[in-house]
Asker: 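Let me give you the structure first, and then I'll get to my questions.
Here the structure is a predicted model, which is why all the values come from computation and not from measurement. All heavy atoms count here, side chains included; hydrogens, waters and symmetry mates do not.
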2 protein chains.
Amino acid sequence: MRPTVHDIAAKAGVSLATVDRVLNNRPGVRSVTRDKVERAIATLGYVRDVAAANLAKRRNYPFVFILPAGDNSFMRGLEGEVRAAMARSASERTQITILPVPAFDAQALVQALSEAHQRRPAGVAVVAVDAPEVAEAVKQLRSDGIAVVTLVSDLPGSGRDHFAGVDNIAAGRTAGTLMGRFTGGRAGPIAVLAGSMLVRDHRDRLEGFSAVMAEEFPAHRLLPVIEGQDDPVLVEKLVHALIEREPDLAGIYSLGAGNRGLVAALEKTGKSKTNCTIAHELTPHSRAALRSGTIDAVLNQDAGHEVRSAIRVLKAKADGLAVIEAQERIRIDIFLKDNLPIEQA
Amino acid sequence: MRPTVHDIAAKAGVSLATVDRVLNNRPGVRSVTRDKVERAIATLGYVRDVAAANLAKRRNYPFVFILPAGDNSFMRGLEGEVRAAMARSASERTQITILPVPAFDAQALVQALSEAHQRRPAGVAVVAVDAPEVAEAVKQLRSDGIAVVTLVSDLPGSGRDHFAGVDNIAAGRTAGTLMGRFTGGRAGPIAVLAGSMLVRDHRDRLEGFSAVMAEEFPAHRLLPVIEGQDDPVLVEKLVHALIEREPDLAGIYSLGAGNRGLVAALEKTGKSKTNCTIAHELTPHSRAALRSGTIDAVLNQDAGHEVRSAIRVLKAKADGLAVIEAQERIRIDIFLKDNLPIEQA
DNA sequence: ACATTTTTGATTTACGTACATCAAAAATTC
DNA sequence: GAATTTTTGATGTACGTAAATCAAAAATGT
């Protein structure tokens with residue numbers, strides 16, 4: 001049987017109350033006595049029964065999730081995962097509030113962070129816009145003992161507790177290698193389509209992609225980045241113009257959202273098969289395009305994993321516990337038409 | 001506040017004892033009363049506090065993991081993950097026993113299953129060898145109310161409760177597409193290196209790979225399958241002979257283990273760069289080969305995920321609860337040199 | 001209407017921890 | 001060595017559920 005507080009008390013020759021004082025480091029224990037208790041804990045290999053402790057404490061975790069609004073499929077999927085976590089809140093002792101905020105808008109994000117602050121939650125998860133004033137707002141939350149996890153897009157220099165998202169430089173590099181090898185011997189320029197250079201994840205992907213193309217596939221010319229604001233309508237227009245301008249285009253790397261517009265433009269111009277297209281995030285649209293061959297590969301981050309990881313980390317940080325970073329690493333999924341997961345309800 | 005059993009009792013106008021009888025379907029409740037209680041449960045949205053229930057029940061889960069012995073790196077990694085789960089057993093209320101068994105040996109596996117049976121565990125996880133007598137042994141476990149999950153390699157027709165592993169046909173197809181596209185315009189035959197056709201996962205991968213190569217890359221000739229028994233020494237010898245026999249070899253798909261031998265042969269014959277090599281499972285060896293360029297892509301299944309998923313499923317099945325299949329799906333990871341995860345301790 | 005069976009209520013103990021209170025004992029100060 | 005402060009013990013209640021016991025009440029059969 002697992003040792004309990006009673007066993008420690010017996011072993012150390014002290015009362016239950018003293019064991020309790022040591023375990024929850026309450027004051028009023030001489031250091032000699034404390035040592036005795038700690039030795040008993042060590043020799044018995046006692047580990048606190050977290051379930052029983054949480055029951056006794058009536059512990060719960062109020063969290064705020066700040067997510068971009070808009071009709072970006074990936075972000076809506078992310079929100080869906082947060083809502084799924086809310087449905088599990090009873091058994092997980094969490095109380096999650098979602099705060100929507102306009103995309104790519106640092107000012108609005110700062111305001112949302114301050115609103116979150118007022119709710120005095122145990123932790124905040126935020127899809128960050130990379131701006132100094134946002135970092136400042138995050139610092140204020142942390143100085144009040146509120147745990148902060150960045151989600152999907154990171155905010156270095158803000159002192160956030162953790163980043164729940166993929167290594168976007170590695171993702172860009174991976175896209176680069178796939179692009180180089182899939183286009184094989186073909187010449188022709190490569191286009192890069194981004195959402196906005198205001199978010200860290202897009203900048204990082206571009207950096208990784210450009211680096212690999214320059215290092216390993218110097219024969220391919222990289223065209224200037226097109227910013228489509230993750231807006232399907234704008235993206236379609238821009239890609240249409242691109243295809244007319246560059247008739248011998250070999251590939252397109254779409255590192256942001258708005259893939260609906262990209263696919264529409266490719267299919268309307270009949271370029272869907274001749275181009276090598278690599279995109280990000282598995283959504284109903286990108287899935288269909290992958291299946292039909294319009295998109296050749298999709299790099300994905302599993303939104304469900306990210307949300308669950310963010311919650312685990314927020315809980316741990318709120319309790320002052322360590323996080324096993326390796327276990328919380330979010331991997332980059334590569335999907336070809338052959339390894340698409342079964343569609344979910 | 002979450003409703004408790006007391007709230008249900010009050011709402012339904014019955015005693016706590018009756019609520020308990022309904023919740024744990026004990027006998028001695030008239031159906032009218034049972035209905036009253038169930039309506040109260042539904043209207044209050046009561047969900048049992050699993051932590052408190054497990055505490056009161058002193059619930060624990062004795063499980064047996066049957067794993068192949070030998071120096072197969074992937075299997076040793078898998079065992080490491082099981083041991084990591086054992087270290088967490090205190091907080092997870094599990095008691096895990098590992099039963100080693102010779103690889104690819106149906107008779108030994110049957111015996112191990114019977115030994116596991118005698119221990120009367122709540123569940124068994126097993127890396128299956130695909131043979132009728134093994135399926136029969138699994139059926140016996142299940143008929144005694146012991147949950148059975150197959151791990152890594154499945155056993156269809158055995159009535160196992162769940163398979164914790166990847167879709168190996170899809171994995172083979174993915175390897176096929178990568179092989180076809182990476183070898184690009186090059187002609188030359190493609191070799192397939194397997195461990196043993198006695199295990200389902202290897203057979204499935206071969207099936208998927210062959211199908212894609214035939215459908216989409218008919219120009220490439222597929223050589224007869226080489227079986228290396230996942231033994232590095234044997235594999236090196238076989239691959240060496242292969243390279244001498246087929247000087248214009250375009251690619252090798254290694255769908256089993258024993259990658260050390262494969263890499264050694266490729267590097268000694270100076271074929272490491274000219275060949276497109278695709279292998280399975282990320283181990284220290286395959287990682288190094290990926291980094292150096294000897295291997296072009298590694299398809300991986302995350303052993304840690306598989307073990308954790310198996311445990312979750314075994315727990316759920318032991319409690320007669322439903323499993324969210326979509327959540328327990330193990331994905332196929334594709335690693336290129338660009339998206340290798342950071343090495344762990 | 002009686003005996004018999006079935007159903008229900010009331011109550012208690014337990015799981016392992018948290019937390020509070022009050023008294024007793026030990027250590028410290030002057 | 002008395003007064004004071006600090007440390008420790010003893011004890012009880014709570015968290016939400018499980019499980020058992022025994023008595024009381026209700027339903028059933030004849």
Asker: It should be established whether B:Thr18 places a side-chain nitrogen or oxygen under 4.0 Å from OP1 or OP2 of nucleotide C:dG9.
Answerer: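 Affirmative; the distance criterion is met.
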Asker: Any salt bridge (charged side-chain N to carboxylate O under 4.0 Å, His left out) pairs touching residues 5-25 of chain B, not counting sequence neighbours?
Answerer: B:Asp20-B:Arg26
Asker: Can you give one letter per nucleotide of nucleotides 11-30 of chain C, 5' to 3': B if a protein heavy atom sits under 4.0 Å from the base, S if only from the sugar-phosphate, - if neither?
Answerer: ----BBBSB-------S---
Asker: Can you tell me how far P of D:dT7 sits from CG of A:Asn25, to the nearest Å?
Answerer: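 In whole Å, D:dT7 P lies 15 Å from A:Asn25 CG.
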Asker: Would you please name every residue forming a salt bridge (charged side-chain N to carboxylate O under 4.0 Å, His left out) with B:Glu281, sequence neighbours left out?
Answerer: B:Arg205
Asker: Just to verify, what does A:Asp333 make a side-chain hydrogen bond (donor to acceptor under 3.5 Å, both in side chains) with, not counting sequence neighbours?
Answerer: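 Result, side-chain hydrogen bond (donor to acceptor under 3.5 Å, both in side chains) vs A:Asp333: B:Arg331.
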Asker: Salt bridge (charged side-chain N to carboxylate O under 4.0 Å, His left out): which pairs involve residues 57-69 of chain A, sequence neighbours left out?
Answerer: A:Arg59-A:Asp319
Asker: Can you name the side chain to side chain contact (heavy atoms under 4.5 Å, CB included) partners of B:Arg312, sequence neighbours left out?
Answerer: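 For B:Arg312, the residues satisfying side chain to side chain contact (heavy atoms under 4.5 Å, CB included) (neighbours in sequence not counted) are B:Arg308, B:Ser309, B:Glu328.
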